Amino acid sequence: MGKNRPLIDVNGLRVDGRKIDELRPLEMKVGVIKRANGSALVKHGGNQILCAVYGPREVHPKHLALSNKLLIRAEYRLATFSVNDRKSPAPRRREHELSKIISEALEPSIFVERFPRAVVDIYINVIDADGGTRCASITAASLALADAGIPLKGIVASVAAGKVEGKVVLDLCDVEDKDGDGDLPVAMVATTKEITLCQLDGNFTSDEVKEGIELAMKGCEAVYEIQHRTLLEKFEHVSKEIQKSSLTDESKGEEKEDSSEEEDDDVVMEIDESELEEMGSKAIEDIVSEVNNEEEDDKNDPEDEDNLSDIVEVEFETEKVEPESDKPEYSTKSIDLDIVEEVIEEDIDEINVVTTIIDEDEGEKKDNPQESENTTENLEEE
Amino acid sequence: MADSSTILGLIEKQHILSLLKEKKRLDGRSELDFRPISFEIGTIKKAEGSAIVHLGDTTVLAGVKCELGTPFKDTPNSGVLIVNIERSPMASPTFRSGPPRAEAIELARVIDRGIREAKVIDVDNLCVVPGEKVWIIFVDIYVIDAHGNLFDASTLAAMAALATTKLPSIVIGENGEIVIDKENGKDLPVQRYTSSTTFYKLQDHLIVDSLTKEEYIGNARFTIAVTEEGNVCAMQKGLSGSFSKKEIDNLIDVGKEMSLNNIKLVKEAVNEYKKN
Amino acid sequence: MSLVVEKSELVVPGQFLGKGKFRAGYGVYKKNDEYYASVIGLLNVRQNNLFLVPLTGSVYFPKIEDVVIGKILSAGMSSWKVDIGGVYEAILSISSVIDRRNDRGPRIYDISKILNIGDIIMARVEVVDRTRVPVLSMHGRGLRKMSSGRLITINPVKVPRVIGKSGSMISMIKNETNSKLIVGKNGWILIYAPNYKAEQVIIDALQLIETQSHVSGLTDRIKLYLQEKMKN
């Protein structure tokens, strides 16, 4: 094998000074790509992985859409300069395989039934590679999915176990990956411990495999701690502000409302038609009548010898396009802009954004044993 | 969410133009303002040189790899410079993966031209074994967050990456074979700096450092790349509109000034990096 | 019935919230008798409804009767596809635009003459069908094709904050800047300002509201901000 030195020295330390069950340094950040719906940067050992998530959005081309669930489409790519010898930008078979298994490692954590015929595109770019990129990619992708607000059953954490000089170790570095006896990448939904990625290549006894998976799962928990911390750090200040202000308001016995506000009854915000006209807008009825007038003019064109148009012309004549003074009555209900339906509540904004659809889903899921949540419960725990 | 980013509403277009009449742009800049530029240099360990550029929100990453290869037949003693750009689908809902479309290829070739013709690096000095082995310098640029003006952001990133590249050393092995040692490298010699300025024409208004929405309604585009001595080393007119000679003369003058200013910024960033 | 997480506490997907007989609202899912978070958000309970105020995600989830601003993406034979910032493209059919009662007989319409690709419209969500596709209507007063203004988008979750209790925030913004604003439930906003400065000030103020939506006394703060910026 041509090893220059032992991979595990007399003190039980590895080539980079780590203990058998120690993770390489991990650093994570979310929201790093503004254009994307969600994004993350993960540094794991020498790995630097960027991930951008777009979606849920309609699938193009349409024939790829799944009629009953969300399509999860991950794309894993190595940057040309991320490896020792410059790699051509065109994806190789390994990248295609990894794209597929990464999609499959993430899908179990996503509520895919919520968005049929839509897609979530996950773009992973390894900009610096140092062994264990697929695991770091899954870690990054799960963070990016959470950053995009996609409903998840839990966050997926991933790390590889391995075998080095007969010992089962955690989180192989590049050298160990190349010169060791085996590689065992694992991914797990951190909070439910469901394993969503499990691969092996090398030479392990079956006991070593089980030991390796155990060790990897422990490693995933440690990775999740950092994912969790990363998310908390980004949004903690919001939570603290609200908790602080609600405490103050409660002690004052006030509603958390701007004191300068008048006690308005539910005045619906109205924009009258003239204001809309000033803003530059056109009622659709006016547009339709204009178009009808134009068409009538066209039809009156003597050069038009199309028989069909004659028939239409007759119809126009019997009917005369809507006169301006006679605006069709639609509903007399003053819809206008019923924009304000919500009233800002005491402490935090009750943001009833989500539709009854989602609420219905929750109800359905409770009742319908076919739905995925119940399916999860029925799964045998490992 | 449904992506209508490529469709610009009529009122959006009208609004951009009416703002331009007041010499203002969507983000408050005036017509000839560049957005703030910042650099992160040398962050990619596996690359021989690397630089991330933030041009406003546009983010671009350039990585340099130095490999040994065979020279071109007509220049047997010269090294090779290859500049490539990837418009990663990470960066915009409008970028697709797969073989590059014509716009992407044009982008890569224009940037390549600027760097090559400026003779940023002296390829004649990259010969290892005459006629057999030369250095191939790969500059690969990845767009990470696309918010307009990929041309200038890419040139900046490529320049900063090249100026901080460590050319690996050559070691002759026992059997006379040539081995490259990337751990120990020396600075890749850079002869001069270059930078570019890209203009868009929106009806009759000329703007610099365009935003994505502005690029959708531009009818013509003009890029000029300049060396630090003030010589023009590359130009490209793009899109299907046209310029008058007077406009082009003006763009050359203004573009040269702005590019020289950009060169100053790159140099500052590179020197800052080298100090530490 | 017990919660292990406090009100307004920040939770992450998969985090255990509590047990009992709640109703799982937005951002919460149920497994047996246990409740978990499905998005990053702040926990809230109202009566029996356990839900999260999301802190991430900007997709709009259409509700019936929402008035939204949208952009025409394509024109078919008798209907248009409209972008309203949701997961799915909305549909607007010709029958939701013209009044059939006054129309007799067949029409040969090139419907793109009425609404063309790129047109910005105000429409109402008539129904969200079983396949989740929102169906729009332009029947009703105030539902129009817009022909000018600055279009920006904010996170739809922040829309109530931008409007304010009984419209207080938005009226204040309009008054302080002498401008008109239309806020769609989907977070798309059309700004019609008398000059560029007012427009920029409004955009900056809206961004402030977005990032500080949780802060109390926001309306007053924004008012001061606007007054300051609109000076000179």
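Keep in mind that this is a model prediction, so the values were computed, not measured. Protein chains get the first letters and strands the later ones, always in sequence-line order, with residue 1 at the start of each.
Crowding of Glu103(B) atom CD: a count of heavy atoms from other residues, nucleotides or ligands under 6.0 Å exceeding 12. Counting non-hydrogen atoms of other residues, nucleotides and ligands closer than 6.0 Å to NZ of Lys186(B) gives a total of 12 or fewer. Within a 6.0 Å radius of CD in Glu183(B), other residues, nucleotides and ligands contribute 12 heavy atoms or fewer. No more than 12 heavy atoms of other residues, nucleotides or ligands lie within 6.0 Å of CD in Glu27(A), so this atom counts as exposed by the packing criterion. Shown here is Arg109(B), whose CZ atom has no more than 12 heavy atoms of other residues, nucleotides or ligands within 6.0 Å. The number of heavy atoms from other shown groups lying within 6.0 Å of NZ (Lys213(B)) does not exceed 12. In this structure, Lys100(A) places its NZ atom where only 12 or fewer heavy-atom neighbours from other residues, nucleotides or ligands lie under 6.0 Å away. Within a 6.0 Å sphere centred on NZ of Lys13(B), heavy atoms belonging to other residues, nucleotides or ligands number 12 at most.
To the nearest 0.5 angstrom, Arg96(B) atom CZ is 12.5 Å from His60(A) atom NE2. Atom CG in Asn84(A) sits 8.5 Å away from atom CD in Glu48(B) (nearest 0.5 Å). Between Gln48(A) atom CD and Thr43(B) atom OG1 the span is 5.5 Å, to the nearest 0.5 Å. For the atom pair Lys45(B) NZ and Ile127(A) CD1, the distance stands at 10.0 Å (nearest 0.5 Å). Separation of atoms NZ (Lys34(A)) and OG (Ser92(B)) is listed at 14.0 Å; rounding is to 0.5 Å. Here Ser88(B) contributes atom OG and Tyr123(A) contributes atom OH; the two are 8.5 Å apart, rounded to the nearest 0.5 Å.
Only the backbone of Ser82(A) comes within less than 4.5 Å of a heavy atom of chain B; no side-chain atom from C-beta onward does. Residue Val53(A) does not touch chain B at all, counting heavy-atom pairs closer than 4.5 Å. When heavy atoms are compared at a cutoff of 4.5 Å, Ala118(A) does not approach chain B at all. Using a 4.5 Å cut-off between heavy atoms, Asp174(A) contacts chain B through its side chain alone, with no backbone atom that close. For chain B, no part of Asp121(A) is nearby; none of its heavy atoms comes within less than 4.5 Å.
Lys65(B) has its side chain out of reach of Asp85(A): every pair of non-hydrogen atoms, C-beta onward, lies at least 4.5 Å apart. Thr212(B) is listed as a side-chain neighbour of Arg35(A), based on a closest heavy-atom distance under 4.5 Å. Considering only heavy atoms from C-beta on, Met90(B) stays 4.5 Å or farther from Cys51(A) through its side chain.
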Run the side-chain contact (heavy atoms from CB on, under 4.5 Å) check on Val64(B) and Phe81(A) step by step: do they pass? CA-CA 7 Å; Val64(B) 176; Phe81(A) 44 74; over 6 Å; no
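For residues 137-147 of chain B, a heavy-atom distance under 4.5 Å to chain A picks out Phe138(B), Asp140(B), Tyr142(B), Ile144(B), Asp145(B), Ala146(B), His147(B), given by residue number.
Judged by distance alone, the side chain of Lys46(B) and the main-chain N or O of Ala129(A) form a donor-acceptor pair under 3.5 Å.
Counting heavy-atom pairs under 4.5 Å between each of Pro89(A), Ala36(A), Pro91(A) and chain B puts Pro89(A) at the top.
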